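In this text, all values refer to a predicted model and were calculated from it rather than measured experimentally. First listed ligand is number 1; within each ligand, the first listed atom is number 1.
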Amino acid sequence: MRAIGIALLAACVGIAGPCPADGQLRSVTGWIDGQSPGFYRLRVGAFRVTALSDGTAVRDLAPIMSEPGLVRSIFRASHERLPTEISINAYLVDTGTRRILVDAGAGELFGAGAGRLVANLRAAGYVPEDVDAVLLTHIHADHSGGLSIGGRRVFENALVYVDTRDVAYWLGEGREARVPERQRTTIRQSHQTIDPYRLAGRLRMFNGSVEIFPGIRSVPEHGHTPGLTGYMIGTGGERLLLWGDVIHSAEVQFSHPGVTIAYDVDSRGAASSRLRVLGEAAKEGYLIGGAHLSFPGLGHVRREGKGFEWVPAPYRADP
Ligand SMILES: [Zn+2]
């Protein structure tokens, strides 16, 4: 005990300035503010997949979900605070011949907490020009916003793929006058970030369930938006479903899949798609990557009572 006391005393004798008080944090040499770069690698069969963090968004979920009292009681019982941090995740699938990005983050539309996808892509060893295709799970600022910055295409060499229903809903002629007031911002932002690809002939539409590339198939999950789509990656035993916005709050919606969120275009459709997708995931046992599950958003779904439970995948030091 005595030796430790002397060592601590020697660490701060106040020669170079006043000793810091308790709780006063000092920077150390090489200090970098923020977290480690937001990427996480895994293998899915022959494909190399990199989960990329676009950052987080702070939201008080209670007033924007269909059962505010239930949301508050679940968070209280979990010792978690509201507002909470919601991850925004995207995934890069490197097939060896193509680099395919699933969702593009929020770009400049969500403030300082988000828009970090490109920095994390670079940290993972890629550059935006490497991306051959961007598959959008749907058109919403936190998924399609990162396609363009300042009206310019971020992924210059990429074709953008999205279900035809979302293009019709968000980018169709005269839509702004026909949607509810709360959706008009999304329409304006969709033009701002997707039109640069459309005008360059780089927008591709598909209808429902199709094989987009070998080993990558679209999975309709319509409801949250008319064309919400998951992407099933890999074949045979090793499969990963990148499901976009099936779940916005893991705390609430696995156990209570009927709870909806104000961002749903069709809340009944969103709830029934969620129930079906969760049921299939629990039965089939494939890996899930979720856009709003805590980064890297990877894990499995299992049945629990009348609902489901999220089982985060164990962290791997080596992919
Ligand atoms: Zn979203």
Using only N, O or S atoms, tell me which atom of H143 is closest to the Zn ion (ligand 1).
-> NE2

Within one Ile-Leu-Val-Met-Phe-Trp-Tyr cluster: L117 and I194, side-chain cutoff 4.5 Å = yes

By atom name, which N, O or S atom belonging to H292 lies closest to the Zn ion (ligand 1)?
-> NE2

With the Zn ion (ligand 1) as the reference point, give the N/O/S atom of D142 that is nearest.
-> OD2

Ignoring hydrogens and angles, state whether a donor on the side chain of R217 or S209 is under 3.5 Å from an acceptor on the partner side chain.
-> yes

Name of the D245 atom (N/O/S only) found closest to the Zn ion (ligand 1) | OD2

Give a yes or no on whether V154 and V162 share a hydrophobic cluster (residues Ile, Leu, Val, Met, Phe, Trp, Tyr; joining criterion: side-chain heavy atoms under 4.5 Å apart).
-> yes

So among F295, Y91, Y315, which one has a ring pair (Phe, Tyr, Trp, His ring centres under 6.0 Å) with Y40?
-> Y315

